[in-house]
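In what follows, a structure is listed as structure tokens, so that the remarks can point back to it.
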Amino acid sequence: MKIYVSVDMEGISGIILREQLMRGEPLYSEARHLLTREVNAIVEGLLEAGVEQIVVKDAHATGFNFIPENLHPGAMYCMGGTPMNERFPGLDSSFDGAMLIGYHGMAGTPRAVRDHTMSSATYQRTELNGNPVGEIVLDAMLFGLHNVPVLLVTGDDATCREAEQALGSVHTYETKTAITRHSALIKPPQRVHSEIKKAVQQAVEERGICRPLAIPGPYELLLEMNSTDLADSRYTDGETSIRLDGLRILYKDDDYVRLLGRAMR
């Protein structure tokens, strides 16, 4: 059995502040340890569930947030920045499932820890074919193109609700209950590590209820930028990329991967 794991940072237990998420900030080093330990709990859970091959992608910011020397030896780890059209290197239809670990709510979600979509500095809203979407849907679609279902999504309570609404029959695990964008009622990481292993094992055992996300093309991806100068910096041709107003740009394409490569940069 093969499982692909994509790991973000905002939904990891104990992480709630901007200063924990960015290289050079005073709390970032501590947060890397929280992240790495939670990833190790995921890998342990997968191995105990009988998974033979595990690929774990560091999907936060620079893609270099895990502490390599502390990583569990039972998996392979993809680290470093990759463009959106190569977001999950090595992904193909041979994988039995995927997991989205440490994810967060889409931009504009109320009472959600560090809500954003791809970049809190760039986009304030993202729509796919007229429906608001966040990273859960954008990434689940990439897995779905290879007929790989998302089995488990973890993060705060808002993240779990978003995953259940968008993906239907998916397992979720709540690492914290959001109060505001930078506050939450957290579970101690040690408790999360124990519980998340059980959630992983259940998701693998009950993977038959999960279905790959498939949204038929052609695709229209609407980006609402945070400021007009960000929109000004985007090339638009009036056909496949259209400036709708000061903040909004609409991208069109029949190919979903190519669409993300053009738009999400």
Side-chain angles (χ1 to χ4, degrees), residues 6 8 10-11 59 83-88 91 98 100 103-151 153 155-170 172 178 181 209-265:
S6 176
D8 210 342
E10 289 83 358
M84 277 300 295
N85 59 338
E86 298 178 33
R87 183 157 168 80
F88 299 123
L91 174 64
L100 308 182
Y103 271 57
H104 51 81
M106 73 175 76
T109 303
R111 296 175 69 88
V113 174
R114 294 295 301 171
D115 63 288
H116 69 279
T117 301
M118 293 302 175
S119 169
S120 57
T122 306
Y123 318 111
Q124 57 181 270
R125 184 177 177 86
T126 307
E127 294 182 1
L128 181 63
N129 290 1
N131 297 308
V133 294
E135 293 172 34
I136 292 171
V137 166
L138 293 175
D139 285 348
M141 273 286 292
L142 289 172
F143 288 109
L145 292 175
H146 296 278
N147 202 36
V148 177
V150 173
L151 309 181
V153 178
D156 69 4
D157 55 319
T159 301
C160 294
R161 288 193 300 271
E162 183 177 322
E164 290 163 359
Q165 181 177 2
L167 305 181
S169 297
V170 64
T172 60
R181 192 167 194 256
I209 69 171
C210 301
R211 296 289 179 266
L213 181 62
I215 300 175
Y219 302 102
E220 293 189 351
L221 185 64
L222 176 70
L223 303 182
E224 184 171 350
M225 316 301 286
N226 283 346
S227 61
T228 53
D229 61 320
L230 288 171
D232 290 342
S233 69
R234 296 294 186 107
Y235 169 77
T236 55
D237 60 16
E239 296 181 3
T240 61
S241 53
I242 305 166
R243 180 80 174 263
L244 299 179
D245 53 31
L247 296 177
R248 296 182 303 155
I249 300 176
L250 182 67
Y251 291 88
K252 299 182 178 183
D253 209 309
D254 292 331
D255 185 296
Y256 179 72
V257 175
R258 186 170 60 202
L259 178 75
L260 291 187
R262 289 173 50 223
M264 308 299 290
R265 55 181 176 81

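Heavy atoms only: backbone and side chains are in, while hydrogens, waters and symmetry mates are out.
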Q) Rounded to the nearest 0.5 Å, how far apart are CG of Asp232 and CE of Met225? A) 10.0 Å

**Q.** Nearest non-hydrogen partners of Ser6 and Ala59, listed with the distance
**A.** OG-CB, 3.5 Å

(Q) Let's go through Leu100 and Phe143 carefully: what are the C-alpha distance in whole Å and the side-chain angles of both, what is the deciding distance for side chain to side chain contact (heavy atoms under 4.5 Å, CB included) to 0.1 Å, and is it a yes or a no? (A) CA-CA 11 Å; Leu100 308 182; Phe143 288 109; 3.9 Å; yes

**Q.** Note, Ile242 side chain near Ile249 side chain (heavy atom, < 4.5 Å)
**A.** no

Q) Do Val153 and Leu167 have side chains that get closer than 4.5 Å, going by heavy atoms? A) yes

Q. Is there a donor in the side chain of Tyr219 and an acceptor in the side chain of Arg258, or the other way round, less than 3.5 Å apart?
A. no

(Q) Once salt bridge (Lys or Arg N to Asp or Glu O under 4.0 Å) is applied, what residue pairs with a partner in residues 103-113 remain, sequence neighbours excluded? (A) none

Q) Once you round to the nearest 0.5 Å, how far does CG of Asn147 lie from CZ of Arg211? A) 10.0 Å

Q.
Closer than 3.5 angstrom, by distance alone: can the side chain of Asp157 be matched with the main-chain N or O of Ala178 as a donor-acceptor pair?
A. yes

Q. Just wondering, are more than 12 heavy atoms of other shown residues or ligands nearer than 6.0 Å to CD in Glu164?
A. yes

Q. Ignoring hydrogens and geometry, is there a side-chain-to-backbone donor-acceptor pair from Asp115 to Ala107 under 3.5 Å?
A. no

Q. Does any donor atom in the side chain of Arg262 or Thr240 lie under 3.5 Å from an acceptor atom in the other side chain?
A. yes

Q | Inter-residue atom distance Leu250.CG - Arg243.CZ, 0.5 Å rounding | A | 13.0 Å

Q) Where the side chain of Ser119 meets the backbone of Ala121, is there a donor-acceptor pair that is under 3.5 Å apart? A) yes

Q.
Show, in sequence, the C-alpha distance, side-chain angles and deciding distance for Val150 and Leu213, and conclude whether the side chain to side chain contact (heavy atoms under 4.5 Å, CB included) test is met.
A. CA-CA 8 Å; Val150 173; Leu213 181 62; over 6 Å; no

Q: Work out which heavy atom in Ser169 is nearest to a heavy atom in Cys210; give both atom names and the distance.
A: O-SG, 3.2 Å

Q: Determine, step by step, whether Leu91 and Leu145 satisfy the side chain to side chain contact (heavy atoms under 4.5 Å, CB included) criterion, reporting the C-alpha distance in whole Å, the side-chain angles of both residues, the deciding distance to 0.1 Å, and the verdict.
A: CA-CA 10 Å; Leu91 174 64; Leu145 292 175; over 6 Å; no

**Q.** Arg234 (side chain) donor-acceptor with Ala263 (main chain) under 3.5 angstrom
**A.** yes

Please list every donor-acceptor pair under 3.5 Å in which a side-chain atom of residues 133-141 meets a protein atom from a residue at least two apart or in another chain.
from	atom 1	to	atom 2	distance (Å)
Glu135	OE1	His104	NE2	3.3
Glu135	OE2	His104	NE2	3.2
Glu135	OE2	Met118	N	2.5
Asp139	OD1	Arg87	NE	2.7
Asp139	OD2	Arg87	NE	3.3
Asp139	OD2	Arg87	NH2	3.0
Asp139	OD2	Tyr103	OH	2.6

Q) Side chains of Leu247 and Gln124: does their closest heavy-atom pair fall under 4.5 Å? A) yes

Q. Taking the side chain as C-beta and beyond, is there a heavy-atom pair between Leu230 and Ser227 under 4.5 Å?
A. yes

Q) For the residue pair Met84 and Leu142, what are the closest heavy atoms and their distance? A) O-CD1, 4.5 Å

Q | Intermediate values then yes/no, side chain to side chain contact (heavy atoms under 4.5 Å, CB included), Ile215 and Asn129 | A | CA-CA 9 Å; Ile215 300 175; Asn129 290 1; 3.9 Å; yes

Q | Modelled atom types, side-chain donor and acceptor of Thr126 and Glu224, under 3.5 Å | A | no

Q: Enter the distance from Tyr251:OH to Asp253:CG here, rounded to the nearest 0.5 Å.
A: 12.0 Å

Q) Is the shortest heavy-atom distance from the side chain of Leu128 to the side chain of Tyr256 under 4.5 Å? A) yes

Q) His116 versus Tyr123: any side-chain heavy-atom pair under 4.5 Å? A) no

(Q) To the closest 0.5 Å, what do you measure between CD (Glu10) and OG1 (Thr159)? (A) 9.0 Å

Q: Determine whether Met106 and Pro132 make a side-chain contact, defined as any pair of heavy atoms from C-beta on separated by less than 4.5 Å.
A: yes

Q | Arg114 side chain near Ser120 side chain, heavy-atom distance below 4.5 Å | A | yes

Q | Whether Asp156 side chain and Ala112 backbone form a donor-acceptor pair below 3.5 Å | A | no

Q) Rounded to the nearest 0.5 Å, how far apart are OG1 of Thr228 and CG of Asp245? A) 10.5 Å

